[in-house]
> 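Input: one structure, supplied below.
Chain letters run A, B, ... following the sequence lines, proteins first, then strands; residues in each count from 1. The figures here come from the full heavy-atom set of this structure, side chains too, leaving out hydrogens, waters and symmetry mates.
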Amino acid sequence: MTTADQTDTQAPAGALAPQYVPGDVETRRYQGWVDAGYFTADASSPAPSYTIMIPPPNVTGSLHIGHALDHTLIDALIRRRRMQGYNTLWLPGTDHAGIATQNVVERELAKDGLSRHDLGREAFVERVWRWKAEYGGKILGQMRRLGDSVDWSRERFTMDEGLSRAVQTIFKRLFDDGLIYRAQRIINWCPRCMTALSDIEVDHFDDDGELVSIRYGDGDGSVVVATTRVETMLGDTAVAVHPDDPRYASLVGKTVELPLTGRHIPIVADPHVDPEFGSGAVKVTPAHDPDDFEIGRRHDLPSLTVMDERGVITAPGPFEGLDRFEARPAVLTALRAEGRVIAEKRPYVHAVGHCGRCGTTVEPRLSLQWFVKVGPLAKAAGDAVRDGRVRIYPAQLAARYFDWVDDMHDWCISRQLWWGHRIPVWYSPSGEVRCVGPDEEVPNDEQGWVQDADVLDTWFSSALWPFSTLGWPDDTADLRTFYPTSVLVTGYDILFFWVARMMLFGLYAMAGVGPDESVPFRKVSLHGLVRDAHGKKMSKSRGNTVDPLDWISRFGADATRFTLARGASPGGDVALSEEWVIGARNFCNKLWNAVRFALINGAESGGVPDVGSLSVPDRWILSRLGAVISQADALFEEFEFAKVSDLLYHFAWDEVCDWYLELAKVALNGEDQAAALATRRVLGHVLDQLLRLIHPLMPFVTEELWTALTGGESVMIANWPSGLESADAVAEAEIESLMRLVTAVRRFRADQGLRPTQSVPAILSGIELTPLAIHERSIRSLLRLTGAGDSFRPNASVEAEGITVELDTSSGIDVAAERRRLEKDLATAVADAEISERKLANPAFVDKAPAAVVAKSRDRLAAAKADIARLEERIATLS
RNA sequence: GGGUGCAUAGCUCAGCGGUAGAGCACUCGCCUUACAAGCGAGGGGUCACUGGUUCGAACCCAGUUGCGCCCACCA
């Protein structure tokens with residue numbers, strides 16, 4: 001019979017179906033929560049607040065597995081705190097994502113053969129807004145599928161009016177404080193995106209280049225320089241050597257002819273040059289290399305720009321108009337023709353910067369840009385972590401944070417884009433510069449004032465997210481209630497991009513409210529990247545990606561969430577495969593059926609009877625429940641999602657389902673009505689509490705089950721369990737003993753090929769002398785042992801826990817199998833005894849090891865010896 | 001180039017000073033009225049290598065090898 005067949009015929013009226021089907025339960029439940037207002041925070045609540053800001057996904061984005069991981073963890077934290085009575089706020093929203101969004105809309109335009117320049121700035125920006133209205137925020141809808149308990153009434157977008165005001169306010173404040181400045185600098189330039197990039201938007205990876213040595217000048221006055229970017233020699237304005245290099249001492253101060261150009265350039269001495277590298281002489285191109293720019297500054301050299309913003313050569317001559325990668329071989333050929341090329345080394349593997357957005361090779365470019373002077377801000381950001389006002393989990397990642405924050409370059413914040421926060425600075429024809437705050441009047445363009453054309457790095461507004469979303473710069477109730485936020489949950493990959501910058505700006509903007517209150521968040525919980533089953537990075541080209549929406553529709557949101565949580569150790573990457581999620585889906589079903597069992601058996605969740613009237617199995621499971629609650633709490637506090645998931649999984653499955661439910665059956669079906677009632681109540685209580693514990697991780701099934709079990713309104717507003725004083729060592733020891741006995745007999749039965757379903761007559765000799773005496777009925781039930789009738793002829797026995805279980809296996813026993821088993825057990829016992837014996841024979845061990853360890857060894861030895869004696873006797877009597 | 005992390009069962013990982021653990025996979029037996037998306041039993045690891053510290057090392061230290069990650073303006 002198939003499962004489907006059973007569905008209709010077996011389920012008692014009013015009970016749950018035998019399988020959990022997520023499907024419509026999830027959408028129905030989610031809408032129910034929203035309608036009930038459970039997600040909405042209350043700025044006037046007297047309860048302590050607990051706030052998490054969503055790491056705002058790009059408006060262009062859709063929910064991928066990385067978001068699913070992040071959101072699962074955040075939602076778990078939020079839901080637990082909500083159940084604990086906190087005034088919780090999980091604030092959702094999206095990021096305007098400057099380059100990314102502009103690229104998307106530009107691609108759309110390109111389909112019609114248009115560029116943004118065809119539209120003009122205003123129309124283009126308008127177009128992006130229209131795109132946003134139509135397609136943006138798709139991800140927000142998808143978050144509902146995951147079950148994210150976000151406060152939809154507080155949704156924000158980084159380009160919202162309020163957030164834009166925050167951007168302008170802090171820009172003005174930083175400008176006035178001298179922490180924002182404009183300067184000619186060598187910056188990372190993407191010739192495709194045609195904009196400046198900050199250092200961290202550049203990825204370095206090895207490229208095959210070639211290192212070419214070229215002779216400048218002739219005869220005694222010549223020097224040899226090496227370069228990987230030959231074409232930049234067109235912009236050389238000097239050759240530099242080390243001041244103490246004897247080889248060049250006589251040349252310093254003289255000039256040398258620059259090939260192909262007819263220009264003569266000076267030879268300067270600069271300590272930055274490494275005399276060990278190559279020839280010890282360096283070509284200096286101040287306009288196209290950051291190092292050279294510094295050398296140029298020190299020696300007052302001219303900066304000669306020979307390439308435009310598209311990477312096309314602008315130096316007059318035969319190379320003008322060539323792309324930089326065409327110019328490179330062309331220049332080389334010309335140099336070779338003049339006999340200037342001394343040596344070539346190819347391939348020459350070296351790290352080259354690439355645009356983090358489009359992968360194009362970055363060109364260092366001299367240009368006028370806006371910068372944040374990070375020095376004092378970064379100092380404060382480092383100190384806040386150093387003195388513990390902000391704690392990073394796992395702590396080891398704090399080192400990486402310090403490395404960056406303590407040695408941070410000034411942040412280039414201007415971007416030559418159209419989509420973003422416009423830099424609030426105006427220039428007058430007379431050269432006057434005016435930074436304008438949000439409430440100030442914009443300078444009159446009739447007088448020739450023009451606004452700076454650039455927009456701000458998208459991370460500039462993200463850096464304000466923890467407080468701009470709450471109404472800053474206004475003194476709002478939200479800001480007072482929810483700032484500082486409680487914890488920031490995100491991947492370690494954006495520690496620098498985002499986390500560090502929120503620290504910079506949060507501490508600066510909120511400085512007035514006191515050192516402990518100005519931090520943007522009190523804790524940072526960093527998780528890793530999602531990888532495939534073999535730890536490989538997920539990528540579309542590898543074809544190993546997991547679409548969370550696909551998993552949600554096939555296995556349910558709960559299974560998807562649980563799989564992610566179960567893999568998430570602090571700072572650790574998460575390996576995923578479909579096998580894992582199937583296991584999680586099965587777990588949902590396991591819980592489903594446990595509650596189904598409880599309902600069929602009339603479980604009551606109104607509370608637990610007095611301990612004195614409880615059976616040992618009831619006391620045992622309550623004791624274990626209390627311990628699990630305490631452990632789960634401790635693990636949640638440390639962001640140990642993998643461990644807490646594992647703990648709850650094993651408690652639910654191994655202890656509650658595999659043992660407690662089986663033991664409960666005995667009481668539930670027994671004659672003793674009082675005992676049955678007590679067990680019904682304990683059963684109901686344990687499942688009630690268990691569902692509460694699991695709810696943060698798997699909100700939907702637990703809601704469905706908890707409401708069915710308890711008749712309550714919603715588990716998400718039920719109280720979080722507290723580790724009640726239920727520790728019961730006696731009950732735990734007794735049940736553990738029972739488990740060992742049952743397992744030993746099952747093992748025997750399996751070895752003997754006795755069907756698990758077959759009842760076997762048996763007597764339990766000696767049980768009356770053990771604590772298990774009161775459990776005989778349970779033991780017989782678990783093992784399907786029947787009473788010994790008149791025809792009882794024991795032909796086999798199993799010894800464990802001081803009890804001899806004598807069985808009458810009608811078919812007789814398999815002596816060979818039994819002997820094999822006994823000999824194997826004997827071998828383990830002997831080995832066990834040997835190890836303990838050897839240790840105890842060592843006086844140093846007995847002397848130095850802790851008493852408890854020595855005692856344990858003695859116990860083990862005694863037990864092993866007893867086993868050996870017993871097993872030898874059994875083997876002897878076998879034949 | 002500078003940091004930093006990891007090498008434990010077929011796979012993904014936990015354990016971090018006292019006789020090796022989980023999930024999945026695997027083998028055997030079971031449709032036992034909560035669940036076959038299940039139940040029971042079982043097999044499988046000289047904890048990368050070499051030294052050292054210790055009564056005792058998967059765990060601490062040093063070195064070696066192999067991976068990974070982060071940072072980086074060496075022409």
> Could you please name the option among rC73(B), rG23(B), rA14(B) that lies closest to any side-chain atom of Arg566(A)?
rG23(B)

> Just so I know, are the side chains of Val546(A) and Met538(A) near enough to count as touching, which here means a heavy-atom distance under 4.5 Å?
yes

> Counting just side-chain N and O atoms, does Lys590(A) come under 4.0 Å of either OP1 or OP2 of rC39(B)?
yes

> Checking all strands, does Pro843(A) fall into the base, sugar-phosphate, or nothing category for heavy-atom contacts under 4.0 angstrom?
nothing

> Measure up the Trp404(A) and Phe496(A) rings against each other and bin them: parallel (under 30°), tilted (30 to 60°), perpendicular (over 60°).
parallel

> Can you tell me how far P in rU64(B) sits from the matching atom in rG3(B), rounded to whole Å?
14 Å

> The side chain of Arg531(A) lies closest to which of these nucleotides: rC70(B), rA41(B), rC69(B)?
rC69(B)

> With a 4.0 Å limit, can you tell me whether Asn586(A) has a side-chain N or O closer than that to the phosphate oxygens OP1/OP2 of rG38(B)?
yes

> Report yes if a side-chain nitrogen or oxygen of Lys643(A) is closer than 4.0 Å to either non-bridging phosphate oxygen (OP1 or OP2) of rG15(B); otherwise report no.
yes

> Is the phosphate of rA75(B), meaning OP1 or OP2, less than 4.0 Å from a side-chain N or O of His272(A)?
no

> Pick the C1' atom in rC47(B) and in rA14(B), then give their distance to the nearest Å.
13 Å

> For nucleotides rG18(B) and rG45(B), find the distance between their P atoms and express it as a whole number of Å.
23 Å

> For rU8(B) and rC13(B), measure between their P atoms and round to the nearest Å.
10 Å

> Measuring from the side chain of Phe496(A) (C-beta onward, heavy atoms only), which nucleotide among rA34(B), rA37(B), rC71(B) has the closest atom?
rC71(B)

> Does a side-chain N or O of His350(A) approach OP1 or OP2 of rC73(B) to a distance below 4.0 Å, or not?
no

> Side chain of Asp646(A): nearest nucleotide among rC35(B), rG42(B), rA22(B)?
rA22(B)

> Would you indicate which nucleotide in rG18(B), rA22(B), rA75(B) comes nearest to any side-chain atom of Tyr348(A)?
rA75(B)

> Should the pair Phe587(A) and Tyr649(A) be assigned to parallel (<30°), tilted (30 to 60°) or perpendicular (>60°) ring geometry?
tilted

> With rounding to the closest Å, how many angstrom separate the C1' atoms on rC11(B) and rA25(B)?
8 Å

> With respect to the side chain of Phe845(A), which nucleotide from rA72(B), rG18(B), rA75(B) is positioned closest?
rG18(B)

> Please measure how far the P atom in rC31(B) lies from the corresponding atom in rG40(B), and state the result in whole Å.
15 Å

> Any idea which of rG43(B), rA37(B), rA34(B) is nearest the Lys824(A) side chain?
rG43(B)

> Could you tell me how far rG21(B) sits from rG63(B) if I compare only their P atoms? Round to whole Å.
32 Å

> Taking only the side-chain heavy atoms of Arg755(A) (C-beta and beyond), determine which of rC31(B), rA75(B), rA34(B) contains the nearest atom.
rC31(B)

> Which part of the nucleic acid, if any, lies within contact of Ile582(A), taking any heavy atom under 4.0 Å across all strands shown: a base, the sugar-phosphate backbone alone, or nothing?
nothing

> When Watson-Crick pairs (N1 to N3 and N6-O4 or O6-N4) and G-U wobble pairs (N1-O2 and O6-N3) count only below 3.5 Å on both distances, what is the dot-bracket string of RNA chain B, with | for other-strand pairs?
((((((((.[[[[.)..(..]]]].(((((.......))))).....[[[[[..)....]]]]])))))))....

> Quick check on RNA chain B: between Lys839(A) and Asp206(A), whose nearest nucleotide comes earlier from the 5' end?
Lys839(A)

> Determine the contact category for Trp580(A): base if any of its heavy atoms lies under 4.0 Å from a base atom, sugar-phosphate if only primed atoms, P, OP1 or OP2 are that close, otherwise nothing.
base

> When you get a sec, tell me which of rC30(B), rG38(B), rG23(B) is the closest nucleotide to the side chain of Tyr649(A)?
rG23(B)

> Could you check whether Lys643(A) pairs with Glu638(A) (Lys NZ or Arg NE/NH1/NH2 to Asp/Glu carboxylate O, under 4.0 Å)?
no

> Would you indicate what Arg749(A) reaches in the nucleic acid, counting non-hydrogen atoms under 4.0 angstrom: base, sugar-phosphate, or nothing?
nothing

> Give a yes-or-no answer on whether the side chains of Asp654(A) and Trp659(A) include a donor-acceptor pair shorter than 3.5 Å.
no

> So what does Asp658(A) touch, heavy atoms closer than 4.0 Å: a base, only the sugar-phosphate, or nothing?
sugar-phosphate

> Report which part of the nucleic acid Glu640(A) touches: base, sugar-phosphate, or nothing (heavy-atom distance under 4.0 Å, all strands).
nothing

> Would you please confirm or rule out a distance under 4.0 Å between OP1 or OP2 of rC39(B) and any side-chain N or O of Trp659(A)?
no

> Under the criterion salt bridge (Lys or Arg N to Asp or Glu O under 4.0 Å), which of Lys824(A), Arg746(A), Arg821(A) is the partner of Asp751(A)?
Arg821(A)

> For RNA chain B, whose closest nucleotide is more 5', that of Val656(A) or that of Ala226(A)?
Val656(A)

> Closest approach to the side chain of His534(A), judged atom by atom: which nucleotide of rC11(B), rC30(B), rA75(B) is it?
rC11(B)

> Please work out whether the ring planes of Phe639(A) and Phe641(A) are parallel, tilted or perpendicular, with thresholds of 30° and 60°.
tilted

> Should the pair Asp825(A)-Arg747(A) be classified as a salt bridge under the 4.0 Å nitrogen-to-oxygen rule?
yes

> Side-chain N or O of Arg400(A) versus OP1/OP2 of rG3(B): is the shortest distance under 4.0 Å?
no

> Check the pair Val595(A) / Trp706(A) against side chain to side chain contact (heavy atoms under 4.5 Å, CB included), numbers first and verdict last.
CA-CA 8 Å; Val595(A) 172; Trp706(A) 190 83; over 6 Å; no

> So, does Ser577(A) get its side chain near the phosphate of rC11(B), meaning an N or O under 4.0 Å from OP1 or OP2?
no

> Could you tell me whether a side-chain N or O of Asn669(A) sits under 3.5 Å from a main-chain N or O of Lys665(A), the two making a donor and an acceptor?
yes

> What integer number of Å spans the C1' atoms of rA20(B) and rC70(B)?
33 Å

